[in-house]
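As the structure is a computational prediction, the values presented were derived from the model and not from experiment. Below, chain A is the first sequence line, B the second, and so on; all start at residue 1.
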Amino acid sequence: MNDLISHSAGSIPLPVHKRTVWLRLWRWLAVLIATVIAIVGMYFGRQAFLARHLEAECRRLEAARDWPRLLITAQEWHRHQPHRREPLKAGVTAGKALRQPASTAAFLRAWPKESADDVPWLSMLAELQLDLLRQPIEGAETCREMIRLVPQDLSARQRLIFFDAVTMQPAALLKDVRDAAQSACDLPEFYVYAFLVDGLRLNNALERLQRWTTPTRRQELLMVAYAMHSARVLEGSIPSIEEGRATALRRSQEQRTDYMQQLHTMFPENHEVLAYDLEQAVQAGQSLKVAECLTRAKPVADRDHRFWRARGWLLMRTGDLAGAGAAFREALVLHPMDWRLLHFQADWDRRSGNLAKAEVTQRLASRGRGLESELLAAPNVRLIPAESLHRLADFARDCGDALFAERIRHHANVAH
Amino acid sequence: MRFSQYSPPRFGRLILIAVLWQLGCDRSRPKESSQSEPNSTTAVSPAKSQRKSVFAELALSQASAKSASPPVAITRARVAFEDVAPECGIEFTYQNGAIGNQLMVEATGGGCSWLDYDRDGWPDLYLVQGGDPTKPENAEQPVDVLYRNYEGTSFENIAPAARIHEQGYGQGSSAADFDNDGFPDLLVTNVGQSRLYHNQGDGTFRDVTDDIALPDKLWCSSSAWGDVDRDGDLDLYVCRYCHYDPQHPKPCRDTAGNPATCHPNQVDPEPDEFYLNLGDGRFQGCARERGLFGEDNRALGVVIADLNNDRWPDIYVCNDTTSNFLFVNDGRAKFSEEAVLRGCAVNVEGLPQASMGIACGDFDRNGWLDLYLTHFTNEWNTLYANLGPQGFADQTALVNLVVPTLPMLAFGTTMRDFNADGWQELYVANGHINSRREEGTGYEQPPQLFSFNGRTWDEIGFDAGPFFIRRQVGRGVAVADMDRDGRLDLIVVPQNSPTALLRNTSEGSRALLLDLVGRASNRQAIGTRVTATSGSVTQMVELVGGAGYCSADEPVLSLGFGLGVDRVDLRIDWPSGLIQTLTNVAVPQRKQIIEPFADDILLTRTP
């Protein structure tokens, strides 16, 4: 019984031939594993060797200033060690030395975006994208990455906000300026851009947009911005003396009409083109056209003060004072310093029977208009006098934008 | 419980997700049923599954319902005018004296006034003359003319006989009986000394400028008379444009280096003056004391009218390139500037415009006087609709008046019911200030005529006679029923081309014309308001002071009712505060109404 029990509980001894098979299998398995380990080991060993070799080669080539070979070697090294920054650095060095911005940018694009240490390299990339490579949209994205890593990166914010201004993206501009203000990482010009967002005319915008626009790429954003800036520059170049003013106005209007017709054909669904139509329709008092434009708006319009402003205008025309008031409030949240909106708001106050408030609002709107003329007359956005900045700060304060007011005042005091 | 704290059970979450998913699918899928609803907003939405903007929710029907409301059904009679100046003996050309120096003063002159100086019942005509603006004041210059009206068929210049020898560089004129002797007197505004001529009632005038201390030696443009303190005599508001000496002009040039008309902001503004009639033949300049003062005021047009329906005359001033003024009378002839408060300082875009002339009338029949202002090229003429207690609103675009006036540079204007159909028309005199302007609509521009159809304004000039294709440098415009046929005629003064006398040959009915004679009120009855009721239609007209551009209308009120109306009821609010009611007044007719004394009729006195 005990035997029986021990036999049934323990292993039954295998026959000799079966044991041999098992042993053989085990042996083969061991050999296989050893082989795999050896191959893997050899592979990694070779990789390490190659990496070390490539690293050494790169150092040698760099010392020898053999940039073409360094570029190729750095590429190879980066292929072997994609997570290391050193091959990228070597590649960037070579690319820069060879004055090959595309090659340099290729290395920089692969640069990890993990810490503040990476920002100088991203900055280099942004500079290339915004300048030599004519890839402004990618450059702006790089700037956003830099700001994500280092919110206090002033140059990134400066580039980004300039890009927003040049490419005529009012909603993005206002948001980026507010982010900068909240981070206390700003320049006075940011607030000038923000204040003038509906009528911004930059001296160098056309030249910059022309530079950015490549014949091979259909860049809607840039082409639309170019047309819009052209129209505004034409307006701005109108002489103040009566002689010639009418001619200039007429020419400007004709050219603007041409630009807009082309844009409508090319980009019928473009947000900025729609915004232009919307503002024209409001100016012409065409309620139906305004409603039609609003109906065509894309979700991006939800963050655009101009669309809320137009909605308020339309609702006021249809007698919906409550709806109009709500729309104006939304618009003011997005752009508290919008003097055009304040002008509509004053009208709304009047219709609501609040004449005293209407006067206050209208006077504020008039101040805004005067300030706009003053700032537009400045030769350069970086040369705004401290007095003007103080007035802008006062205006922001009276519009209820405490953050902007405080930041602009800070810069005005520094300018003093 | 706060919504954010709510957490559905796990199984519930799955169901919720499924339901939401289903809902999302339903939304993105175009409904067949919606295609059969043409008014549904989904019919205009693209059938894409992408999220729409919140603005897409705005129902088009709301806007379309408002815009598509049909015009008020009216019987529209053709408005027509015929230039009869040559056959009536009016051969006058305003000479601005331009020789290419582009002096500012050359651009603005050309006013006119209707006045029945001899009280024969036929309105006579005073036309100011320009000349050479660079000549000294006492140098020999072409003189102003006073045309006597012989029953609407011929006119004769009787200025020498009337002892008017006005050779100042003329801008405008306004006629009013400032001393209540029944004979209209005359103010002439010049670049230099403006003059007041007292009508002596014997067919002659006497220059009383020095007697009444009217020391204006500045550049004056429009002027307006009104009884702002309601003491029974007429006070005077004079627009002064800017500080500019044509004998020593400020040189301005265009970008090509050619002489150019200076922009208004290149010259110093000159504040206006207000003269309070002291009732003894003297006037007291007291603009500042009365609150009639504002910054950067380069005024070209003015109207004195009750713009807030408190029965006290207010003053609206058109400023060139800066915000306009609305001086609201506080009931003690003290004024506060409330254009900003009431929404008539700047246009719908919040921008000041180059305001020149002004028309005043209740175009929308809401019982509140509206304002129409003329402006520079590429600035539309602006219609400020008076909404009542809510102030004014620029409704130019809403009533289709933006586009037609953009290419024009307008000065004189008037709002009257020329075809007596019950709705107003607008006449606008156009013409550029720059004689070298050859592009676009040019230096000489055709006039425009608009007619209100109850909802929008239609341009009707092309059908109103050959005069409306005549290009001129239009300036002053004034209205009178010069031939007493019950239709309002026009005198139109252009620069450097013959003055036109436009006889109204409109079809349709005739107007009810009211000659008002004040007794407790100022004799000319300026400021009197008449409300006429015919069935369910009520119209209001006021005999305003000023308006137009540098010109004065015949002081007569006109009301049109269209065909089929033969009796109306009138309520007359006299400036004295008396309210007179007349029932079953026959139309059409020309009727003189003399202000009754308090004992004569049952009266109501307003405060």
Under 4.5 Å heavy-atom distance to chain B, tell me which part of Trp308(A) shows up: side chain, backbone, both or neither.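 Contact with chain B involves both backbone and side-chain atoms of Trp308(A).
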Proximal component of Ala284(A), with respect to chain B [non-hydrogen, under 4.5 Å]: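 Only the backbone of Ala284(A) comes within 4.5 Å of chain B.
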Selection from [options] maximising heavy-atom pairs under 4.5 Å formed with chain A:
{"options": "Gln395(B), Arg342(B), Gln390(B)", "result": "Gln390(B)"}
{"options": "Val399(B), Leu351(B), Val348(B), Asn347(B)", "result": "Val348(B)"}
{"options": "Pro389(B), Ala345(B), Gly391(B), Gly343(B)", "result": "Gly343(B)"}

Would you confirm whether Arg340(A), through its side chain, and Gly350(B), through its main-chain N or O, come within 3.5 Å as a donor-acceptor pair?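 Between the backbone of Gly350(B) and the side chain of Arg340(A) there is no qualifying donor-acceptor contact (under 3.5 Å).
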Would you check if [X] and [Y] make a side-chain contact, meaning some heavy-atom pair closer than 4.5 Å?
{"X": "Glu349(B)", "Y": "Gln283(A)", "value": "yes"}
{"X": "Arg350(A)", "Y": "Leu387(B)", "value": "no"}
{"X": "Leu341(B)", "Y": "Arg363(A)", "value": "no"}

Check whether more than 12 heavy atoms from other residues, nucleotides or ligands sit under 6.0 Å from atom CZ of Arg367(A), and answer yes or no.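 It does: Arg367(A) CZ has more than 12 such atoms within range.
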Under the side-chain contact (heavy atoms from CB on, under 4.5 Å) rule, what do His343(A) and Val346(B) come out as? Steps first, then yes or no, please. CA-CA 9 Å; His343(A) 177 65; Val346(B) 290; 3.8 Å; yes
Can you give me the closest heavy-atom contact between Phe392(B) and Asp347(A), atom names plus distance?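 Result for this residue pair: O-OD1, 4.2 Å.
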